[in-house]
Amino acid sequence: MAATQRRSRRIMMTPEELDEFLGTQRMCRVATVSSDGAPHVSALWFAWDGTSLWLYSIVRSKRWADLRNDPRVAIVVDSGEGYGELRGAELSGTAEFVGEIPRTGEPCTELDALEALFARKNFGLEAMPHDGRHAWIRLTPSKTVSWDFRKL
């Protein structure tokens, strides 16, 4: 069960607002812990399925190596320029690797709907282009904090 947000409830997104926000944004920032304990943050496209945030990551990346070593992750999705437009969410928990590594397109029913969603959202395609360099990471958040300054 995901932890409940305690602070800033006045600007917290409702579950419906959060679902809409995560479903329409493309870019997130992924924070991992390096083997020496140093933080590492990288930007990446993502997909939201209503329960989990999915990352399609290069398997030879520092992010991938960090998560293999320590699966704890925090991800921020945000938007807005002016103070009164700022909104976003931080999702944290334990990353899970799903499907073949690297992904070459072998049948995987767990990934069918997700890959169609990701391909449409990020590539404007009906089918996922597999390059044999990427694989899937799923975060089903154990904690989510959101904000929408437009509510002030």
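Remember, it's a predicted structure, so these values are computed and weren't measured experimentally. Sequential numbering from 1 along the given sequence is applied to the chain's residues.
- Note that NE2 of His134 is 11.0 Å distant from CG of Leu55, once rounded to the nearest 0.5 Å.
- Scanning for ring pair (Phe, Tyr, Trp, His ring centres under 6.0 Å) contacts around Phe118 gives Tyr56, Phe123, Trp136, with sequence neighbours left out.
- Grouping the Ile, Leu, Val, Met, Phe, Trp and Tyr side chains by contacts below 4.5 angstrom, directly or via other members, places Leu139 with Phe21.
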Next item on the list: Show your reasoning for whether side chain to side chain contact (heavy atoms under 4.5 Å, CB included) applies to Ile101 and Arg68.
Entry: CA-CA 12 Å; Ile101 301 169; Arg68 277 295 198 198; 2.9 Å; yes

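- Side-chain N or O atoms of Arg26 include one that pairs as donor or acceptor with a backbone N or O of Asn122 at under 3.5 Å.
- Connection of Met27 to Leu114 is established within a shared hydrophobic cluster, with ILVMFWY side chains joined at heavy-atom distances below 4.5 Å, either directly or through further cluster members.
- Between His130 and Arg103, some side-chain heavy-atom pair lies under the 4.5 Å cut-off.
- Under the 3.5 Å distance criterion, the side-chain polar atoms of Ser142 are matched with a main-chain donor or acceptor of Ser92.
- In the hydrophobic clustering of ILVMFWY residues, with side-chain heavy atoms under 4.5 Å counting as a link, Leu86 and Val76 come out together.
- Taking OG of Ser34 as the start and CG of Asp66 as the end, the distance is 4.0 Å to the nearest 0.5 Å.
- Distance CZ/Arg133 to OG/Ser61: 10.0 Å, rounded to 0.5 Å.
- The pair Asp78-Arg29 counts as a salt bridge, with a side-chain nitrogen and a carboxylate oxygen less than 4.0 angstrom apart.
- Met12 contributes atom CE, which lies 13.5 Å from atom CH2 of Trp147 (distance to the nearest 0.5 angstrom).
- Contact of the Glu115 side chain with the Trp54 side chain is not registered, since no non-hydrogen atoms from C-beta on lie closer than 4.5 Å.
- Val98 and Met128 fall within the same hydrophobic cluster, where Ile, Leu, Val, Met, Phe, Trp and Tyr residues are linked whenever their side-chain heavy atoms come under 4.5 Å apart, directly or through other members.
- Looking at Ile137 and Val73, their side chains never come closer than 4.5 Å, going by heavy atoms from C-beta outward.
- Between Phe46 and Val77 the shortest side-chain heavy-atom distance falls below 4.5 Å.
- Ser146 contributes a side-chain N or O that, together with a main-chain N or O of Met13, makes up a donor-acceptor pair within less than 3.5 Å.
- The cluster map of Ile, Leu, Val, Met, Phe, Trp and Tyr, joined by side-chain heavy atoms under 4.5 Å apart, puts Val59 and Leu67 in the same cluster.
- Proximity of Tyr83 to Leu152: side-chain heavy atoms (C-beta onward) are separated by under 4.5 Å at one or more points.
- In this structure a side-chain-to-backbone donor-acceptor pair under 3.5 Å is missing from Lys121 to Thr24.
- Environment of CZ in Arg72: sparse, with no more than 12 heavy atoms of neighbouring residues, nucleotides or ligands closer than 6.0 Å.
- Side-chain contact between Thr51 and Thr140: present, with at least one pair of heavy atoms (C-beta onward) separated by less than 4.5 Å.
- Going from atom OG of Ser42 over to atom CZ of Arg63 covers 4.0 Å, rounded to the nearest 0.5 Å.
- Using a 4.5 Å cut-off on side-chain heavy atoms (C-beta onward), Trp48 and Leu91 make contact.
- A pairwise comparison of heavy atoms in Ala135 and Pro102 identifies CB-CA, 4.3 Å as the closest pair.
- The structure places CD of Glu100 at 8.5 Å from CG of Leu111, a figure rounded to the nearest 0.5 Å.
- Contact of the Lys151 side chain with the Arg10 side chain is not registered, since no non-hydrogen atoms from C-beta on lie closer than 4.5 Å.
- The six-membered or imidazole ring of Phe97 lies near that of Trp64, with a centre-to-centre distance under 6.0 Å.
- When all heavy atoms are compared, the tightest approach of Cys108 to Gly99 is SG-CA, 4.4 Å.
- A salt bridge is absent between Arg150 and Glu17; no separation between the charged side-chain nitrogens and carboxylate oxygens falls under 4.0 Å.
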